[in-house]
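The figures that follow rest on heavy atoms only: side chains count, while hydrogens, waters and symmetry mates do not. Throughout, protein chains are lettered first and strands after them, A, B, ... in sequence-line order, and every chain is numbered starting at 1.
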Amino acid sequence: MADDPTASRALPVLPAQIDLPATEHQVLRRWSEQKVFERSLEQSRANPNWVFYEGPPTANGQPGVHHVEARVFKDLFPRFKTMRGYHVDRKAGWDCHGLPVEVAVEKELGLSGKKDIEEFGVAEFNARCREAVLRNVDAFTAMTQRMGYWVNMDEAYRTMDPEYVESVWWALKTIWDKGLLVRDFRISPYCPRCGTTLSDHELAQGYETVVDPSVYVRFPVTSGPLADPERPTSLLVWTTTPWTLVSNTAVAVHPDVTYVVATDGTERVLVAEPLVGKALGEGWEPTGERFEGGEMERWTYQRPFELVEFDAPAHFVVLADYVTVEDGTGLVHQAPAFGADDMAVCRAYGLPLVNPVRGDGTFEPGLDLVGGQFFKTADAALVADLDGRGLLMRNQPYEHSYPHCWRCHTPLLYYAVPSWYIKTTAIKDELLAQNARTNWFPGNVKEGRYGEWLRNNIDWALSRSRYWGTPLPVWTCAEEHHTVVGSLAELGGLAGRDLSALDPHRPYVDDVAFPCPQCGAEARRVPEVIDVWFDSGAMPFAQWGAPHRNKEAFEANFPGQYICEAIDQTRGWFYSMMAVSTLVFGHSSYENVVCLGHILAEDGRKMSKHLGNILEPMEVMERHGADALRWFMAASGSPWTPRRVGHEALEEIVRKVLLTYYNTVSFFTLYAGTNGTWDHSRLADAPAPEDRPLLDRWLLSELNRVVKGVGEALDRFDTAGAGRLLTAFVDDLSNWYVRRSRRRFWAGAQTPEGASAFATLFEALESLTLVMAPLVPFITDHVWAALRRPDAPESVHLASWPRVREDLIDTDLSEQMALTRRLVDLGRAARVDSGVRTRQPLSRVLVGAAGFDRLPEQLRAQIAEELNVQQLDPLSAVGGDLVDYTVKPNFRALGKRFAKRTPLVAQAIGAAPAQALVEQVRSTGWAHVEVEGEQVEVSAEELLVTEQPREGWTVAAEAGETVALDLEITPELQRAGLARELIRLVQDARKSSGLEISDRIDLWWSAEDPVTAQALTEHAATIAGEVLARTFTEGAPEGEAHTVRSAEFGVAIRLRKSAEQEG
RNA sequence: GGGCGUAUAGCUCAGUCGGUUAGAGCGCAUCCCUGAUAAGGAUGAGGCCCCAGGUUCAAGUCCUGGUACGCCCA
């Protein structure tokens, strides 16, 4: 359809029924045919950038609904910001490297462990990994498109691409140049038979219950207050790994635990006070000598074995917070080569790392006692030796669960493996400062989970002894001179040949050697690859291949304004993004970060194949529609907390939100095409908003409040708040505005009352569609295509956020309409109580409510119409003696003024005669009550007055508001009620005989019941008007006619489509 | 073991600045309305606001401790 701004355009009529998933497919086709995403980027190109970074998923498996969650938020805010006048580029990405990929390929190939992989061939293995990681990209792409996530997949970055790897190398070189990339030891679970470290996930698979010796060993104290040769005292140390005693380096105590000397009369040992009984048993008494752990720091002791050399001072007491008094003696033997805690503690004291165990698990051959023995086998000789020298106090078998290799069941070693670290502890303060500048949603993550993590920051263990990853770009010669390489060009320069086409992965990069720039000896690459989190943390520049390529694009898009992932990424991507950029550029790469809770299955458990409770996203979207799923993710419950998703929740969204909205639109288009068509040109002739009926002004007021509120909520990433506003407005619109305005729409757009209603509803639907568009882009665009003005953009996603008309927001009117609706509710409740159906008109209703006297006539008329009563009066008009009052204290108001005396004043109000209080307040605005012998004035606002008529009325009351119905039905009222019944009878007949809404009919009636006959005669004009009858005749027609009979009303009615249809 | 979060009706969830009668939807029951609706409305049953202390005139709401569950880390 051509965009001729001067053309008026008849609106298509949207059918009442809609197949949402099918409609979404139409919309998707239109987006693709009309290149709507591309155009939205194109037309905003001159606008300021709002930079979004896509956290790359590993496409190593099928996408699940949890992927939809983050992707909804990744789509919603870019759409919103685009409508708000920003340019939001959206570059997709894939995380390609890493152990999960390797593990999956190992499984596929039937390989088990690094030896197998190397025999299979690293080149082929990595080729399989590359292929495996792309295998599910299609499934991700299909899901991404189906859910309406607009992101540029064609130019997606991939962490395995050479340009990406080169950017990562550049970053590592930059960090190396700052002196923050260092080689050190890392304690890892290690299988000596397989000669490999194990990942945490492998570790978890291999725990076995074993019986080990557990020994209590004496370490005689050699300095400090207990170092008395006359009265020797020993530290009593407990361990289940006697073989580590060979390299004992220190003994750790907890600084805040009390340690006591105990004796059995012959010797003295030091243990933690709470463990005296458990560790020593019967016959031991404390001597009364007590020390805080903190006092014992640096006391020296005689180490248990003198088998290995120490090149630095060692063997003294150190302090460590991780020491517990649950087991053992509260004094913990430290062997830093065999425990991560031990290493951290010993490091802090500058202690050396001594490791006599070789990679195959045997002690170095030259050692006395244990030389050449397998580490666990050596336990026996070591324990016997301790016993022989009188150092062993106790040896008892100890059953516990110990990690074993999941492949070969060899007991694992925690083992110091050479490893590369980034000294993030050196930039900890800078990271904390960057975090202080970052906006977290929800806010508590900033100082809570994430802030805690930063405050406990440890150095980043960067290297992995694996195959499929970004190779660590460090080349080393025999002299251990390290050369860090920042690009393939640089590598080519060093190697003296063109390497620009080199695959920078293993094994190819491993084949490149060059003369060490420092000594000229051959330098070869270290074998390690790097942690995949560094890959993805480098995406702000690496996605562009910067700084080697696209430097301008990178700089124009750095730092980012917005990232969003689930909560598990606090230690993952959220950290690596902040850390990498802070290391390289000195500041973080993002300003706002949205942190989502996890999606759970309907049973409240994690979705897993194993439990069979998986919801497959494509199936869900084909059943309920992507919009329903998107709405759920954005607006159901709180996105920050874990949520359960299931079909019921989605069905409810479809019914309550999407269909209610859609049906309102359908209603509008139906009447816009009926009774003289409506088109956009009529908007110009409609009365100005301030001249429209109160109902219209109320809707426009609510609309502008919602437009404003939704914009503000989305500005603070509060999708749930936006959703609540929208749900409430859709309900108001459909179930109050349209309901109360139906007659004006029936009347048609060309009537004065219709003109205002059509314009108001159009304006509301137009703005509503715009503000709902980021959340539910499909149905809104479908609606937009039907409703849009001739000069409006083709797609709602090419349109701008609506301007808020503050001048139309009328809070008084909102309150008055709220009162109106509460009174209608009360009236309906009273109707139900009375058993008199709403179709039966009543003569009078009495209302007692604060603010009723100021309620405009138009709103009173709404109440009267809705309740089908002829007259509405204030209860006070009935006269004091017919009405009972109850007066309750309004604590909220009283509390402000009376504070501690509030309960006394409240009590006084309750005790005072209600009628007198009400009379005082009504005449003077104040009432007096007596509190502790003192006169106290209370205002009208401080009292909640409830009025009740005494008798003869049906009453409903709540929170101080009362509605009373006069149930007397006069013969006139009865006939008016009958007329309503007959109208409904005819309408049913029209519907069942298949007439169109606007068809005119001829009608004949015959009544046996004289009252019915009188009603038909008396109300003939009204009935005929309501049912569009051109003729209204007593008797029977000639020829065919549709007939209905009612025994209840004693009437037969015949009708048929009139020959003349107009007028 | 540590950090963080969550706990409100049978279910899914709201509950603002602390205000005394804690709400909505779903489901159930009984009605009503219907010339847009796959709808809508009313009424009813259904609550140890996880537990125990504390602050306060007043606590679902704030504080402390605990329990259960979840996530992350050891």
Side-chain angles (χ1 to χ4, degrees), chain A residues 14-20 200 321-322 324 326 340-341 442 444-445 447-453 455-456 566-572 597-598 600 602 604-606 636-638 640-646 648-649 651-656 658-671 674 720 724 727-728 731 734-736 738-739 742-743 745-746 824-833 835-839 866 868 888-896 898-906 944 956 958-959 983-984 986-988 990-991 995-998 1026-1028:
Chain A
L14 294 183
Q17 311 285 310
I18 183 172
D19 178 339
L20 291 174
D200 292 345
D321 286 332
Y322 83 90
T324 69
E326 311 256 300
D341 287 328
N444 60 280
V445 181
E447 294 307 327
R449 183 183 274 236
Y450 188 75
E452 260 329 293
W453 158 254
R455 282 187 284 279
N456 297 317
I567 184 79
D568 53 294
Q569 296 296 336
T570 38
R571 267 81 163 168
H598 284 118
L600 304 175
E602 211 157 14
R605 292 187 294 181
K606 237 172 150 167
S636 275
S638 163
W640 333 121
T641 59
R643 289 174 295 167
R644 302 178 183 200
V645 61
E648 277 185 32
E651 275 160 17
E652 189 182 326
I653 288 165
V654 167
R655 275 208 323 274
K656 302 296 291 187
L658 302 180
L659 287 181
T660 308
Y661 158 72
Y662 176 80
N663 283 320
T664 308
V665 175
S666 164
F667 170 87
F668 178 79
T669 62
L670 178 64
Y671 282 96
T674 314
R724 275 194 294 278
T727 311
D731 188 63
S734 165
N735 291 321
W736 186 249
V738 171
R739 177 191 169 88
R742 262 191 293 234
R743 282 182 177 273
F745 288 99
W746 297 346
V824 167
D825 283 350
L826 285 171
R828 285 202 280 242
R831 279 260 184 192
V832 169
D833 268 0
V836 179
R837 49 174 58 161
T838 310
R839 268 197 298 270
E866 190 67 18
N868 197 14
K888 285 185 176 170
N890 179 356
F891 280 92
R892 190 169 206 143
L894 288 171
K896 287 207 174 70
F898 293 104
K900 289 204 181 195
R901 287 167 72 209
T902 306
L904 295 173
V905 179
L944 296 172
E958 199 177 331
I983 288 167
R984 203 177 80 85
V986 176
Q987 301 291 28
D988 272 353
R990 286 183 57 114
K991 214 174 187 177
L995 288 169
E996 295 296 322
I997 287 171
S998 55
E1026 287 290 315
V1027 304
L1028 304 182

If you round to the nearest 0.5 Å, how far is CD1 of Ile653(A) from CG of Leu659(A)? 12.0 Å
In whole Å, measure the gap between the [atom1] atoms of [N] and [M] for me.
N	M	atom1	value
G60(B)	G54(B)	P	15 Å
A42(B)	A24(B)	P	9 Å
C62(B)	U56(B)	C1'	10 Å
A45(B)	C31(B)	C1'	15 Å
C51(B)	A68(B)	C1'	11 Å
C50(B)	C33(B)	C1'	42 Å
G40(B)	C48(B)	P	29 Å
U34(B)	C13(B)	C1'	30 Å

Could you list the residues that satisfy side-chain contact (heavy atoms from CB on, under 4.5 Å) with [X], not counting sequence neighbours?
X	value
Val986(A)	Arg990(A), Ile1001(A), Leu1003(A), Val1027(A), Ile1053(A), Leu1055(A)
Trp453(A)	Tyr450(A), Arg571(A), Tyr575(A)
Phe667(A)	Tyr671(A), Val738(A), Arg742(A), Phe745(A), Leu761(A)

Protein-nucleotide distance ([X], atom [atom1]; [N], atom [atom2]), rounded to Å:
X	N	atom1	atom2	value
Trp453(A)	C73(B)	CH2	P	8 Å
Arg739(A)	C32(B)	CZ	P	15 Å
Leu658(A)	A39(B)	CG	P	14 Å
Asn868(A)	U34(B)	CG	C1'	14 Å
Arg655(A)	C26(B)	CZ	C1'	8 Å
Asn663(A)	A36(B)	CG	P	11 Å
Tyr662(A)	A36(B)	OH	P	15 Å
Arg571(A)	C73(B)	CZ	C1'	6 Å

Hits for side-chain hydrogen bond (donor to acceptor under 3.5 Å, both in side chains) against Tyr662(A), two or more places apart or cross-chain, chain-then-number order -> none
Polar atom pairs between nucleotides 56-62 of chain B and protein, under 3.5 Å, N or O only, would you list them?
from   : atom 1 : to        : atom 2 : distance (Å)
C57(B) : OP1    : Lys900(A) : NZ     : 3.0
C57(B) : N1     : Ala899(A) : O      : 3.3

Is there side-chain contact between Asp731(A) and Thr660(A), with at least one heavy-atom pair below 4.5 Å? no
Under 3.5 Å, is there any donor-acceptor pair linking the side chain of Ser734(A) to the base of A36(B)? yes
Determine the contact category for [X]: base if any of its heavy atoms lies under 4.0 Å from a base atom, sugar-phosphate if only primed atoms, P, OP1 or OP2 are that close, otherwise nothing.
X	result
Val445(A)	nothing
Glu651(A)	nothing
Arg742(A)	base

Among G3(B), A38(B), A36(B), which nucleotide has an atom closest to any side-chain atom of Arg449(A)? G3(B)
Determine the minimum heavy-atom distance between Leu14(A) and Ser666(A), stating which atoms define it. O-OG, 3.0 Å
At under 4.0 Å, does any side-chain N or O of [X] touch on OP1 or OP2 of [N]?
X	N	answer
Lys656(A)	A39(B)	no
Arg984(A)	C33(B)	no
Tyr450(A)	C4(B)	no

Each base of RNA chain B marked ( ) or [ ] if paired in-strand (Watson-Crick or G-U under 3.5 Å), | if paired to another strand and . if unpaired gives (((((((..((((.....[...)))).(((((.......))))).....(((((..]....)))))))))))).
With nearest nucleotide decided by heavy atoms, which residue, Ala340(A) or Asp19(A), maps closer to the 5′ end of RNA chain B? Asp19(A)
